[in-house]
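Report on one structure; see the data block that follows.
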Amino acid sequence: MNEKPRDLNDILAEVNSVIAVACKKSGRSTDDVEIIGVTKTHGPDVVREAWDAGIRIFGENRVQEAASKIPACGGGMDFHMIGHLQGNKIKVSLPLFSTFHAVDTLKLLENLELMSSEDGHRPEVLLEVNVSGEATKFGFMPEKIDEVIEKSLEMHNVTLTGLMTMAPFTPEIEDTRPVFAGLRELRDRLETKFDIGLPNLSMGMSNDYRIAVEEGATWLRLGTVLFGDRPKWKSQQEYRWEP
Ligand SMILES: *Cc1c(COP(=O)(O)O)cnc(C)c1O
């Protein structure tokens, strides 16, 4: 594992100044942009350090890892599931996460609704959209979204609060702009058509968050830029912590 290069407070100050410049450029308020600290593979110590530095939301992408980590963090933090969620993990994940970013099939949405009602949970969900149409990506094709929104409007336990996307990897960061702009335009169109609010746009990661902010991101999912390189993912056994 690489050592953390510098003090997290210094890194956050830099990231926040990038965000501030991007907000200014696009006429946005920094109040509308929040960093989600992506702590996957990192232990509770890293979560607590980030909490002390002012981060309030944490993103995890593996349910078993989060189930071990979250109780060991001491409470008060808001954890979001940002990764692909398998149907057989819904039940264990509901008590762990307030918000699910990567809802990418109607069946998953319906099962979240169903299992939430059984257990009395009220999760917020974002629909993951495959804006770029890349074959390898998870997420709804943009033209499928309308019927999913229609179905979601009949649900009582899950609340749809926005959209999420991942830009394809590109060495040329500007290439991500049409993807992020596309998600914002889709959101705007859906809000008008269905007369609903979809305030959350979860987009932008360590390499492309500046562009994402310029294009309207409200939740940035930042891992590497804050916490350094992640070790290569090992077996599940490596990610267990004592509560
Ligand atoms: C790991 C992960 C991130 C963070 O990626 P970095 O490049 O380390 O910032 C963001 N979103 C999702 C869905 C992830 O799995």
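Below, all heavy atoms of this structure are taken into account, side chains as well, without hydrogens, waters or symmetry copies. Just so you know, ligand 1 is whichever comes first in the structure, and atom 1 is the first atom listed for that ligand.
Taking only nitrogen or oxygen atoms, main chain and side chain alike, N207 does not reach within less than 3.5 Å of ligand 1. When only interatomic distances are considered, the shortest N/O to N/O separation between M166 and ligand 1 does not fall below 3.5 Å.
The closest approach between any non-hydrogen atom of H101 and ligand 1 is not below 4.0 Å. The closest approach between I82 and ligand 1 falls below 4.0 Å for a heavy atom of the residue.
The protein heavy atom nearest to atom 6 (P) of ligand 1 is S206 OG, 3.4 Å. Nearest protein neighbour of atom 5 (O) of ligand 1, counting heavy atoms only, is M205 CE, 3.5 Å. With respect to atom 14 (C) of ligand 1, the closest heavy atom belonging to the protein is K40 NZ, 3.0 Å.
Residues passing the salt bridge (Lys or Arg N to Asp or Glu O under 4.0 Å) test with E113, sequence neighbours excluded: none.
Using modelled atom types, one side-chain atom of R56 and one backbone atom of W51 make a donor-acceptor pair closer than 3.5 Å.
Distances below 4.0 Å separate heavy atoms of R221 from the following atoms of ligand 1: 4 (C), 9 (O), 10 (C), 11 (N), 12 (C), 13 (C). If you number the atoms of ligand 1 from 1 as listed, the ones under 4.0 Å from a heavy atom of L222 come out as 9 (O).
Between I70 and F97, the closest side-chain pair of non-hydrogen atoms falls below 4.5 Å.
With respect to R189 and D146, a salt bridge is recorded, a charged nitrogen being found less than 4.0 Å from a carboxylate O. Ion pairing between a basic and an acidic side chain is recognised when a charged N comes within 4.0 Å of a carboxylate O; E215 and R177 show such pairing. With respect to the salt-bridge test (charged N to carboxylate O, under 4.0 angstrom), the residues K69 and E60 qualify.
Selection from V38, L220, T224 by nearest heavy atom to atom 8 (O) of ligand 1 gives T224.
Annotation for N88: atom CG counts as buried by contact number, over 12 foreign heavy atoms lying within 6.0 Å.
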